[in-house]
Novice: 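Supplied in structure tokens, the structure appears directly below.
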Amino acid sequence: MTKIYAIANQKGGVGKTTSVINICAYLAGSGRRVLLVDIDPQANATSGLGYDKYQVTLSTYHLLLESAALEAVRLIQTETKLDVLPAHPNLAGAEVELVNAIGREYRLRNVLEKVNGRYDYILIDCPPSLGLLTVNALTAARDGVLIPVQCEYLALEGLTQLTQTIELVQKYLNPQLQIRGLIMTMYDSRTNLSRQVVEEVRGHFPGKVFRTIIPRNVRLSEAPSYGQPISTYAPTSPGAIAYKVLTAELVKGDGAA
Ligand SMILES: Nc1ncnc2c1ncn2[C@@H]1O[C@H](COP(=O)(O)OP(=O)(O)O)[C@@H](O)[C@H]1O
Ligand SMILES: [Mg+2]
């Protein structure tokens, strides 16, 4: 059975894209068949894997508007053996263009149903908003949502709104939707604040926070400009090790270790 996860948080800069790219790379590196779906108009996951987002001709935009077939859109990241459904900046228009479309919340789910069974994991990188694109991802995310949370002041801010959106999607669109786990990112071991934030988030979401914590590591921020995941860019860096262990924790929890 294909596991489908959305990576969501309407806050920008919390580590969604970094988590998607690197978890996907480690999943693929351990021999799993993986599809990364980019539905953020900023297309950072697309460019972070080495594709020029302006050169992408067919993208998730075309899939959501049903104007191209999945096979035509799919790219293959040869180095990591990762399949990618890329985004293009024109995806920003999809929010508006889909407003009156029939089944507008189910567009991505319908697309992904066509590849059910062909992948072990599908991860969807969401934009920093709770609009129709994120709702499409949450509706398609059969196995839940992964929520990156930055270890910083006011980390919990916005999480209530996110969990309310998740509850609404669960009620009306995707009864299976659950919070699969919160990923604490950009942890700074030199500060008390980071530690306090982790404790606070654990208190609010008991049993839901991944044990593996992602440190702040400059290698993680450099890798995208080389079009590479951390697993090839700096495989022995603390950030790489953390994402590798996190991926193993995820897989183990999925009962597929
Ligand atoms: N653990 C980390 N250590 C250092 N920099 C990070 C880390 N995680 C993300 N970054 C950097 O922070 C910025 C925001 O991360 P990103 O994954 O793009 O967030 P989002 O997708 O939620 O907007 C990017 O420049 C990214 O390279
Ligand atoms: Mg992003």
Side-chain angles (χ1 to χ4, degrees), residues 5-26 36-51 53 56 59-60 84-89 91-92 95 123-131 133-134 136-138 141 145-159 161-162 165 181-191 193-195 197-198 201 209-210 212-247 249:
Y5 292 120
I7 289 67
N9 187 336
Q10 77 277 21
K11 251 194 211 179
V14 297
K16 289 183 290 298
T17 301
T18 305
S19 298
V20 170
I21 288 178
N22 293 311
I23 293 171
C24 279
Y26 280 113
L36 185 158
V37 182
D38 190 354
I39 57 156
D40 181 359
Q42 292 173 57
N44 291 338
T46 301
S47 54
L49 283 168
Y51 301 105
K53 59 186 167 195
V56 167
S59 67
T60 45
V84 181
L85 296 181
H88 184 279
L91 193 54
E95 293 262 7
L123 267 63
I124 310 162
D125 190 19
C126 291
S129 75
L130 294 173
L133 290 168
T134 295
N136 258 272
L138 295 176
V145 49
L146 300 168
I147 306 175
V149 179
Q150 190 180 342
C151 296
E152 55 148 22
Y153 184 58
L154 295 180
L156 281 165
E157 200 186 51
L159 286 183
Q161 207 190 348
L162 177 58
T165 302
L182 292 93
I183 304 169
M184 303 306 302
T185 65
M186 296 181 238
Y187 185 90
D188 185 346
S189 57
R190 293 166 307 181
T191 68
L193 177 66
S194 274
R195 204 160 357 102
V197 170
V198 172
V201 175
V209 180
F210 283 100
T212 313
I213 292 173
I214 308 300
R216 184 174 281 285
N217 179 213
V218 69
R219 296 295 199 186
L220 285 169
S221 56
E222 290 166 1
S225 55
Y226 294 87
Q228 288 184 42
I230 198 70
S231 55
T232 58
Y233 176 68
T236 58
S237 62
I241 291 160
Y243 271 111
K244 189 175 185 186
V245 174
L246 176 73
T247 305
E249 187 182 347

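Hydrogens, waters and symmetry mates play no part in the numbers below; they use all other heavy atoms, side chains included. Numbers for residues simply follow the sequence, beginning at 1. Note that ligands are numbered from 1 as they come in the structure, with each ligand's atoms numbered from 1 the same way. Remember, it's a predicted structure, so these values are computed and weren't measured experimentally.
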Novice: Hey, does P229 have a side-chain heavy atom less than 4.5 Å from the side chain of L49?
Specialist: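 When only atoms from C-beta onward are counted, P229 and L49 do touch, with a gap below 4.5 Å.
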Novice: Let me see the working for L123 and I23 under side-chain contact (heavy atoms from CB on, under 4.5 Å), right down to the final yes or no.
Specialist: CA-CA 9 Å; L123 267 63; I23 293 171; 3.8 Å; yes
Novice: Any non-hydrogen side-chain atom of N9 less than 4.5 Å from a side-chain atom of L159?
Specialist: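 They are in side-chain contact.
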Novice: Examine distances only and state if a side-chain atom of S194 and a backbone atom of R190 form a donor-acceptor pair shorter than 3.5 Å.
Specialist: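 No; judged by distance alone, with no hydrogens or angles, the pair does not exist.
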Novice: Could you check atom 19 (O) of ligand 1 against the protein and tell me its nearest heavy-atom contact, residue, atom and distance included?
Specialist: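 Scanning the protein heavy atoms, the shortest distance from atom 19 (O) of ligand 1 goes to G15 N, 3.0 Å.
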Novice: Check ligand 1 against V14 and write out every atom of the ligand that is under 4.0 Å from a heavy-atom position of the residue.
Specialist: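 The list of qualifying atoms is 19 (O), 20 (P), 22 (O).
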Novice: Considering only non-hydrogen protein atoms, determine which one is nearest to atom 27 (O) of ligand 1 and report residue, atom name and distance to 0.1 Å.
Specialist: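 Nearest neighbour among protein heavy atoms for atom 27 (O) of ligand 1, to 0.1 Å: S221 CA, 3.2 Å.
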Novice: In terms of side-chain heavy atoms, does Y243 have a donor or acceptor partner in S19 at a distance below 3.5 Å?
Specialist: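 Yes - a donor-acceptor pair under 3.5 Å links their side chains.
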Novice: Is the closest side-chain heavy-atom distance between P86 and L36 below 4.5 Å?
Specialist: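 In short, these two side chains do not touch, never coming nearer than 4.5 Å.
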Novice: Using a strict cut-off of 4.0 Å, indicate which atoms of ligand 1 neighbour a heavy atom of I214.
Specialist: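 Answer for ligand 1: 1 (N).
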Novice: State if P215 counts as touching ligand 1 under the rule of any non-hydrogen atom under 4.0 Å.
Specialist: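 Per 4.0 Å heavy-atom rule, P215 contacts ligand 1.
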Novice: What protein heavy atom is closest to atom 2 (C) of ligand 1, reported as residue, atom name and distance in Å?
Specialist: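 The closest heavy atom on the protein side is M186 CG, 3.5 Å.
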Novice: Decide whether the shortest distance between a heavy atom of G239 and an atom of ligand 1 is less than 4.0 Å.
Specialist: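 Heavy atoms of G239 never come under 4.0 Å of ligand 1.
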Novice: With heavy atoms only and a cut-off of under 4.0 Å, state how T18 meets ligand 1: side chain, backbone, both or neither.
Specialist: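 It is both backbone and side chain that touch ligand 1.
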Novice: Got R216 and Q150 here, is their nearest side-chain heavy-atom distance under 4.5 Å?
Specialist: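 R216 vs Q150: side chains touch.
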Novice: When only distance counts, is K16 in polar contact with ligand 1, meaning an N/O pair under 3.5 Å?
Specialist: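 For ligand 1, there is an N or O atom that lies under 3.5 Å from one belonging to K16.
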Novice: In the protein, what heavy atom is nearest to atom 18 (O) of ligand 1, and what distance, to one decimal place, separates them?
Specialist: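 For atom 18 (O) of ligand 1, the nearest protein heavy atom comes out as T17 CB, 4.0 Å.
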Novice: If the test is side chain to side chain donor-acceptor pair (under 3.5 Å), which one of T17, T46, T60, N44 qualifies with D38?
Specialist: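 One option only clears the test, and that one is T46.
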Novice: How about NZ on K244, more than 12 heavy atoms from neighbouring residues, nucleotides or ligands closer than 6.0 Å, or not?
Specialist: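 Not buried by this count: 12 neighbours or fewer within 6.0 Å.
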Novice: Please work out, at 4.0 Å between heavy atoms, whether the side chain, the backbone, both, or neither of S19 comes within that distance of ligand 1.
Specialist: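 No part of S19 is near ligand 1 at this cut-off.
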Novice: Can you find a heavy atom in the side chain of I214 that is under 4.5 Å from one in the side chain of M186?
Specialist: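 No, too far: nothing below the 4.5 Å cut-off.
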Novice: With only distance considered, is P224 within less than 3.5 Å of ligand 1 through an N or O on each side?
Specialist: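 For ligand 1, there is no N or O atom that lies under 3.5 Å from one belonging to P224.
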Novice: Who gets closest to atom 3 (N) of ligand 1 by heavy atom: N217, T185, V218, I183?
Specialist: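 Nearest heavy atom to atom 3 (N) of ligand 1 lies in N217.
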Novice: Do P128 and Q10 come within less than 4.5 Å of each other through their side chains, counting heavy atoms only?
Specialist: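 They are not in contact (no side-chain heavy atoms under 4.5 Å apart), so the answer is no.
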Novice: Please report the C-alpha distance between L162 and V145 in whole Å, then the side-chain angles of each, then the deciding distance to 0.1 Å, and finally whether the side-chain contact (heavy atoms from CB on, under 4.5 Å) criterion is met.
Specialist: CA-CA 11 Å; L162 177 58; V145 49; 5.9 Å; no
Novice: Less than 3.5 Å between some nitrogen or oxygen of G12 and one of ligand 1, yes or no?
Specialist: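 No, G12 has no N/O under 3.5 Å of an N/O on ligand 1.
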Novice: Can you check side-chain contact (heavy atoms from CB on, under 4.5 Å) on K16 and D125, steps first, answer last?
Specialist: CA-CA 7 Å; K16 289 183 290 298; D125 190 19; 3.7 Å; yes
Novice: Give me the residue, atom name and distance of the protein heavy atom closest to atom 23 (O) of ligand 1.
Specialist: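 For atom 23 (O) of ligand 1, the nearest protein heavy atom comes out as G13 N, 2.7 Å.
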Novice: In the shown structure, where waters are left out, how many protein N, O or S atoms lie under 2.8 Å from the Mg ion (ligand 2)?
Specialist: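 Near the Mg ion (ligand 2), the number of protein N, O or S atoms below 2.8 Å is 1.
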